[in-house]
Amino acid sequence: MIENQMRDFRIKKLEELKNLKLEIYGRRFLKTNISEVKEEGNFKIAGRIMSIRAHGNASFADIVDSTGKIQVYFRKDIIGKENYEIFKKIDIGDIIGLEGEVFKTKTGEKTILVKNFTILSKSLRPLPEKWHGLRDVEIRFRKRYLDLIMNESVKDIFKKRVEILRYIREFLNSKGFVEVETPMMHPIPGGAEARPFITYHNSLDIELYLRIAPELYLKKLLVGNFEKIYEINRSFRNEGISTLHNPEFTMLELYSAYGDYEEMIEITEGLICFLSDKIFGSNTFEYQGKKIDLTSPWKKIKYTDIFKEIGISNFRDEKIVDKKIEEYNIEIENDDTIFDKLEKIFKKKIQPLLINPTFIVGYPVEISPLAKIAKDDPTITERFELFIGGIEIANAYSELNDPIEQLKRFEEKFKDVDDKKKKIDYDFIEALEYGMPPAGGLGIGIDRLVMLFTNSCSIREVIFFPLLKPKNE
RNA sequence: GGGCCGCUAGCUCACCAGGCAGAGCACCGCCCUUUUAAGGCGGGGGUAGCAGGUUCGAGUCCUGCGCGGCCUACCA
């Protein structure tokens, strides 16, 4: 614990106040929201003191609560000598409750003339400086509460995040989807390709994995006759951290029985346009200086065609792909498959150009182990990924519901893995064998969606407490 | 994992020509009953991220480490 002079002063004031038999860390306080204080009348409010302008026997202070800010005025001749002495021991950062009459100052500012007040919480540490606020990025993330107190725009981002989540639920509920919860601790990590976090259950004596995706459990619910379901919650991936990746992140997954990926396109467009309308009142907005237009219908490009456009006539021809890798000066790993290489070309050359919403459709079956193959081409799947502002936002497909085909895909995927029996989720296959209806499935990265709608350049700006290394003092 | 940048008072930042470590806000004391970046006078506060090295002398130069940011890579 860091001790410093300013904290000592505040501890001293705290002791002095306690000696007056005052309860400094208070209790329930019935109050009016500051935003609801009228132009005249008597009001009880509570909040944090953000500044004090003392004038000897009278003082102004600014008080904020979650709804707004208001000036209050303490006068010795109104509250009395003893109470004014107590007021003088109040510091910036303290939380107080007060009651008083609204009036207008000479300059016309709405102000509450305090009749009585009570300290509800004493702050022992000084807040960051009032003009510049808190800028240090590391402190902003480690002590997000200070960031939220000091930086209005940060608070606005998180308020908007809350709104977006509420509107997503509103939209999906109105379409007959029900919200469900499935396990976050999985005996076998599935539904995506990432490395999992490993944990351990003591009394069962088993290893468990924090889920990398809820997909397989949600599909078991389709088997269980749920038809339209969604889950909005955390997934965990033990991978690198970047402006687009936090180890724990929030994903929406949605399944619609008897639907397909075309239906998912409709839902995705509908949902994101609905959100844009609610947030901006418009279907255009700006992201990082780029104008984004959500006017329907959104562009669709076939996976094969994007590579044809840059001269890869057959994306399964490794020689052509290798030539492009060299031409674009892209670094590759020894164990990169042709699809890894294609992905790298896509990320470097195509993705940054996908500013307006664009569906890339028809991904190869090799990299889509849970998706149904296209009707007219067994090498590709009924699948899309959605890009907006150069960011991957969504991934969806017609769900593979053929258990024999699904098992084959798993076996193919894990053919080079030693203990593939441990990797393949036979419970899931068994569920499919009871019969899963054809279905469309969709995953949307909620954090990234919030980034778009709040014009944030990093995922850390839209997650209250992004993961940082602990700092030893 | 690699590259670049940052780390100085509670906060925001100077000082970098190697020569006593500074400012504003915040804080403490005094004055002040309509201020709002209130004002006036006086004052306190520092292991310059950490550890080494070079030097008569290091916040400043060098090396290593830590934490963070950006880029890159990994990762659908």
Side-chain angles (χ1 to χ4, degrees), chain A residues 2-10 12-13 50-62 69-79 84 88 91-93 103-111 113 123-143 146 149-151 191-196 212-213 237-247 249 329-333 335-337 339-340 342-344 346-348 351 360 363-364 366-371 383 385 387 392 394-395 443 445 457-458 460-461 466 468-473:
Chain A
I2 303 154
E3 304 290 334
N4 63 46
Q5 197 192 26
M6 278 193 271
R7 188 166 176 277
D8 291 341
F9 281 126
R10 291 190 175 208
K12 197 175 149 229
K13 286 185 203 171
M50 294 305 291
S51 62
I52 298 172
R53 293 173 292 284
H55 296 258
N57 292 321
S59 300
F60 290 94
D62 291 329
K69 176 167 124 179
I70 194 163
Q71 178 170 262
V72 299
Y73 187 36
F74 291 86
R75 288 175 64 121
K76 195 194 234 174
D77 57 3
I78 302 284
I79 60 175
Y84 200 77
K88 284 207 263 184
D91 290 298
I92 291 169
F103 76 105
K104 283 259 170 71
T105 62
K106 279 202 286 205
T107 52
E109 178 161 353
K110 184 164 77 179
T111 303
L113 177 63
S123 167
L124 300 181
R125 290 166 185 264
L127 289 176
E129 190 239 10
K130 62 183 170 186
W131 308 335
H132 305 92
L134 182 64
R135 297 251 176 93
D136 186 302
V137 179
E138 188 175 350
I139 303 177
R140 285 187 47 230
F141 294 159
R142 287 193 195 281
K143 306 185 184 180
L146 290 180
I149 291 170
M150 300 308 298
N151 298 321
E193 289 304 300
R195 276 182 303 183
I212 55 175
R237 297 186 183 177
N238 205 339
E239 307 282 1
I241 295 173
S242 78
T243 49
L244 290 170
H245 301 264
N246 194 61
F249 63 102
N329 206 13
I330 293 171
E331 277 179 52
I332 52 163
E333 307 289 315
D335 57 351
D336 274 352
T337 66
F339 297 104
D340 292 328
L342 288 167
E343 179 73 14
K344 284 177 183 178
F346 179 83
K347 279 220 163 123
K348 185 150 186 179
Q351 190 171 330
I360 306 297
Y363 281 78
E366 292 90 336
I367 53 171
S368 312
L370 299 160
R383 173 182 172 193
E385 284 193 357
F387 297 84
E392 181 191 336
N395 180 18
C457 63
S458 165
R460 292 181 206 95
E461 296 291 345
L468 299 180
K469 265 198 189 184
K471 196 166 190 173
N472 310 316
E473 303 262 5

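A quick note: this is a predicted structure, and the numbers were derived from the prediction, not measured. Just so it is clear: chains get the letters A, B, ... in the order the sequence lines come, proteins before strands, and each one is counted from 1.
- Side-chain N or O atoms of E239(A) include one that pairs as donor or acceptor with a backbone N or O of R195(A) at under 3.5 Å.
- Residues passing the salt bridge (Lys or Arg N to Asp or Glu O under 4.0 Å) test with E138(A) are R142(A), K471(A), sequence neighbours excluded.
- Side chain to side chain, N395(A) and R383(A) meet the donor-acceptor criterion of an N or O pair below 3.5 Å.
- Side-chain atoms of R383(A) come within donor-acceptor range of the base of A76(B), with a qualifying N/O pair under 3.5 Å.
- The phosphate of U33(B) (OP1 or OP2) has no side-chain N or O of K76(A) nearer than 4.0 angstrom.
- Closest to the side chain of P126(A), out of U12(B), A76(B), A26(B), is A26(B).
- Residue-level contact check: P247(A) touches neither bases nor backbone, having no heavy atom under 4.0 Å from any strand.
- Shown here are the ring pair (Phe, Tyr, Trp, His ring centres under 6.0 Å) partners of F141(A), two or more places apart in sequence or in another chain: there are none.
- Residue D340(A) is out of contact with every strand shown, counting any heavy-atom pair closer than 4.0 Å.
- U54(B) is unpaired under the criterion used here, namely a Watson-Crick or G-U wobble arrangement in which both key atom distances are under 3.5 Å.
- D136(A) comes within 4.0 angstrom of sugar-phosphate atoms only, judged by non-hydrogen atoms across all strands, and of no base.
- As judged by a 4.0 angstrom heavy-atom cut-off over every strand, A192(A) is placed among residues making no nucleic acid contact.
- No engagement by R10(A) is indicated, since no non-hydrogen atom pair under 4.0 Å with the nucleic acid exists.
- In terms of position on RNA chain B, the residue among K347(A) and I92(A) whose nearest nucleotide sits closer to the 5' end is I92(A).
- Taking the C1' atom of each, G53(B) and G57(B) are spaced 15 Å apart, rounded to whole Å.
- Backbone-only engagement by K13(A) is indicated by non-hydrogen atom pairs under 4.0 Å involving sugar-phosphate atoms exclusively.
- The base-pairing partner of C25(B), taking Watson-Crick or G-U wobble contacts with both distances under 3.5 Å, is G10(B).
- Not a single salt bridge (Lys or Arg N to Asp or Glu O under 4.0 Å) links D335(A) to another residue, sequence neighbours left out.
- Base contact: F103(A) has a heavy atom under 4.0 Å from a base atom.
- Counting non-hydrogen atoms under 4.0 angstrom, E129(A) reaches a base of the nucleic acid.
- Of the candidate nucleotides A73(B), A76(B), U34(B), A73(B) has the atom lying nearest to any side-chain atom of S242(A).
- The phosphate of C27(B) (OP1 or OP2) has no side-chain N or O of R7(A) nearer than 4.0 angstrom.
- With sequence neighbours excluded, the residues satisfying ring pair (Phe, Tyr, Trp, His ring centres under 6.0 Å) with Y363(A) are Y303(A).
- Between R53(A) and K469(A), the residue whose closest nucleotide on RNA chain B is further toward the 5' end is R53(A).
- Using a 4.0 Å heavy-atom criterion, one finds that S59(A) contacts no nucleic acid atom at all.
- Using a 4.0 Å heavy-atom cutoff across all strands shown, Y73(A) reaches at least one base atom of the nucleic acid.
- Within the 4.0 angstrom heavy-atom criterion, base atoms lie near E109(A).
- The side chain of H245(A) approaches C75(B) more closely than any other nucleotide in the set A38(B), C70(B), C75(B).
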Can you tabulate the close N/O pairs, meaning under 3.5 Å, that link protein atoms to atoms of nucleotides 41-46 of chain B?
from: G44(B); atom 1: O2'; to: Q5(A); atom 2: NE2; distance (Å): 2.6
from: G44(B); atom 1: N2; to: Q5(A); atom 2: OE1; distance (Å): 2.9
from: G44(B); atom 1: N3; to: Q5(A); atom 2: OE1; distance (Å): 3.3
from: G45(B); atom 1: O4'; to: Q5(A); atom 2: OE1; distance (Å): 3.4

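- If you check distances only, the side chain of Q71(A) does reach the base of U35(B) with a donor-acceptor pair under 3.5 Å.
- C27(B) sits 8 Å from G45(B) when the C1' atoms are compared, rounded to a whole Å.
- Distances from the side chain of F141(A) to the nucleotides U33(B), G69(B), C70(B) place G69(B) closest.
- A parallel orientation is assigned to the rings of F60(A) and Y73(A), their planes being inclined by less than 30° (bins at 30° and 60°).
- Contact of R75(A) with U33(B) (side chain to base): a donor-acceptor pair of N or O atoms is detected under 3.5 Å.
- Between the C1' atoms of G3(B) and U8(B), the separation comes to 26 Å (whole Å).
- Comparing the C1' positions of U55(B) and U72(B) gives a spacing of 39 Å, expressed to the nearest Å.
- For the salt bridge (Lys or Arg N to Asp or Glu O under 4.0 Å) test, residues two or more places apart in sequence or in another chain that qualify with E193(A) are K413(A).
- Among the protein residues, L468(A) comes within range of the sugar-phosphate backbone only, with heavy atoms under 4.0 Å from sugar or phosphate atoms but none that close to a base.
- Counting any heavy atom pair closer than 4.0 Å across all strands shown, L146(A) reaches no nucleic acid atom.
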